[in-house]
Structure formats: structure tokens, C-alpha cells
Amino acid sequence: MITFENVTHVYNQGMPNQRVALDDINLRFEDGEFVGIIGHTGSGKSTLIQHMNGLLKPTTGRVLIDGQNVSTRGLDINLNVGIVFQYPEDQIFEQTVFKEIAFGPQNMKLDSNEIKKRVTEAMDFVGLPEDMLETSPFDLSGGQKRRIAIASVIAMRPRVLVLDEPTSGLDSIGKKNILQQIHDHHKKEKTTVVLVSHSMEEVTQHVDRVVVLEKAKVKMEGKINEIFERANELREIGLDIPRISVVFLKLKELGYDVKNVYTLEQAKAEFLRLKKHLGFKK
Ligand SMILES: Nc1ncnc2c1ncn2[C@@H]1O[C@H](COP(=O)(O)OP(=O)(O)OP(=O)(O)O)[C@@H](O)[C@H]1O
Ligand SMILES: [Mg+2]
């Protein structure tokens, strides 16, 4: 379990360009949960997640992992919490794709067969062909780099997998596939997953719980259906919600007694229910 207790993070404290990026954050991430972190650009998402493995330290407050302070714990924290950064360039540095993905497992002192196995699995996970292993990651496209970055974290099999906008730069099929892979991995391995996104539509199909950040603070937090009870507030702060949810909000405004909907299956069920009562308003 990871706990944020009154965490504030100030960049460039005391300087003219001082910036409060996190303001008194209290959050809890349970083992085995799939949590979405949503918010506008600049709301503090990347700053927040970098506190989960001690890469950034709170200016005030503390972050605990299984009751121990992340800031004072040893290096093994990196094995427990794997972060895929928002910009793959920040984490890619090896000369070949193989070396890049093998870097983590090598640091874990795994034997060479196990390392090869993990690299193969990780390549498969992100849908890249094995004949790419001897290429330089720097010669690849943005989307391929992103996949390599994800693969190199997956290869370490972290207990907590944190992904900062993992789908940016991928086309819509690529996005869908990667999210599905992460989803299946979470179900199979019971890994805790924290997925950062600026799109509500992207996370709704997968997450158990959502944290909405707005201007360095937690604006909302709850199960996906609880958050959608407040869908209008999401729209007010300018966050996108699934198009199908917009349709149902509109129906509600028109006086129809419909539930909040965020998947096509729910929409279908609601339409069928509505059809039976067609003509009856609330
Ligand atoms: N290294 C830094 N130095 C100074 N200010 C920073 C730094 N990193 C982020 N900030 C500022 O802190 C605030 C939060 O930034 P952060 O990157 O956490 O937001 P974000 O929600 O991840 O945004 P995005 O959706 O654009 O990735 C912003 O105002 C940003 O300008
Ligand atoms: Mg960010």
C-alpha cells in the first residue's frame, strides 16, 4: 500500500519562479488496485507519481510504502515501483533495444536465461518484433520508443506499475492494444497499476478508482461510477468525458430517468430500458 500524507511539493522554493505543484495531498493506493489519475496539463500528475518511488521528495508531508517512508528507504524501492515516464527519451539510454530492456533485469542480478526470457516477454507485451532487438532505440519512431520504455519497466515485473500517459504518440489501435495488455497484466499478476491520463474516456474501461487532480489539489476521488455522478463538474473543469456519457447527461437534462453511463454496454442496457418506457418522463 502506498500512502500520501499531507504531501506538498514546491518547485524552486523561494525563487521568483516558485511553483506549488502538489498542495496537501492525502491519498491511498491499495495493493492490487487499478487507479486512474486524471487532470489537466500542469495539474500535478507527473509530480505526484514521481513521489511513489522517491524520485521526488515531498517539500512537506510524507509518502509511505507499506508503512515505510519512501524518502528514507533503500534502492529496492525501484524494483517494487516501476515508473514508465511521460517522455520515453527520459528513460532510454542504451545502444540496443535488447540492452535497454535487459538493463533492469540485469540490475536485479537475474541469470542470462531469465533475462532473455523477460526481454522476449516484454517485447511481446508491447507488440514489437524480436528482430528489432539489435536496433538502436534512438533510431525508432516515437511510438516505438514509448513501447520500449514500457517494455523495460514490464521486464522488471514491478509490484506497482506506474504509467505516465503511456498511450501518447500511439495511434488509436496501438492505444487500445497497450491499454488492454496493461489491463490483462493487472488481472493476471494482481499488479497495482497507476495510470496517468488527461482523458477520462481512456481510463474508464479499465480502472477501479479515479483521482482527479486540479491545480495541485485532489478535486475528486472515488469509484468510477461515483465520479460519473459528478460528470458535470468534470466538464466544468474542462475534462473530457466519454461521448456516450455526454449523450446520457443530455437525456437526463431533458428529463429522462436514465443512469450515468460510461460504457457502450451500459448504454445499450439503458436504451433498452428506456425504449420500454418511451414517452414517460421523470
Ligand atoms: N522540474 C520542474 N521545475 C519547475 N516547475 C515544474 C517542474 N516540473 C513541473 N513543474 C510545474 O509544476 C506543475 C505541475 O507539473 P506536472 O508536470 O506535475 O503536471 P502534469 O499534470 O503532469 O501536466 P501534463 O499533463 O502537462 O504532463 C506545473 O505548473 C509545472 O509547470
Ligand atoms: Mg505530466
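We count ligands from 1, going down the list as the structure has it; atoms in each ligand are counted the same way.
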Quick note, ring pair (Phe, Tyr, Trp, His ring centres under 6.0 Å) partners involving residues 41-63, not counting sequence neighbours, are H9-H51
If you measure from the Lys or Arg side-chain nitrogens to the Asp or Glu carboxylate oxygens, is any gap between [X] and [Y] under 4.0 Å?
{"X": "D139", "Y": "K145", "answer": "no"}
{"X": "R28", "Y": "E30", "answer": "yes"}
{"X": "K275", "Y": "E270", "answer": "no"}
{"X": "R209", "Y": "E221", "answer": "yes"}
{"X": "D257", "Y": "K252", "answer": "no"}
{"X": "E265", "Y": "K268", "answer": "no"}

Partners meeting ring pair (Phe, Tyr, Trp, His ring centres under 6.0 Å) with Y87 (sequence neighbours left out) |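 With sequence neighbours excluded, Y87 shows a ring pair (Phe, Tyr, Trp, His ring centres under 6.0 Å) to no residue whatsoever.
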Within a distance under 2.8 Å of the Mg ion (ligand 2), the protein atoms of type N, O or S are S46 OG, Q86 OE1
Under a 3.5 Å cutoff, is there a donor and acceptor pairing between the side chains of S168 and E165? no
What are the polar N/O contacts of ligand 1 with the protein below 3.5 Å, with distances?
from: ligand 1; atom 1: 18 (O); to: T47; atom 2: N; distance (Å): 3.0
from: ligand 1; atom 1: 18 (O); to: T47; atom 2: OG1; distance (Å): 2.5
from: ligand 1; atom 1: 19 (O); to: G44; atom 2: N; distance (Å): 3.3
from: ligand 1; atom 1: 21 (O); to: S43; atom 2: N; distance (Å): 3.2
from: ligand 1; atom 1: 21 (O); to: S43; atom 2: OG; distance (Å): 3.4
from: ligand 1; atom 1: 21 (O); to: G44; atom 2: N; distance (Å): 3.0
from: ligand 1; atom 1: 21 (O); to: K45; atom 2: N; distance (Å): 2.9
from: ligand 1; atom 1: 21 (O); to: K45; atom 2: NZ; distance (Å): 2.8
from: ligand 1; atom 1: 22 (O); to: S46; atom 2: N; distance (Å): 2.9
from: ligand 1; atom 1: 22 (O); to: S46; atom 2: OG; distance (Å): 2.9
from: ligand 1; atom 1: 23 (O); to: G42; atom 2: N; distance (Å): 2.8
from: ligand 1; atom 1: 25 (O); to: K45; atom 2: NZ; distance (Å): 2.7
from: ligand 1; atom 1: 26 (O); to: T41; atom 2: OG1; distance (Å): 2.5
from: ligand 1; atom 1: 27 (O); to: Q86; atom 2: OE1; distance (Å): 2.9
from: ligand 1; atom 1: 27 (O); to: Q86; atom 2: NE2; distance (Å): 2.8
from: ligand 1; atom 1: 29 (O); to: R19; atom 2: NE; distance (Å): 2.9

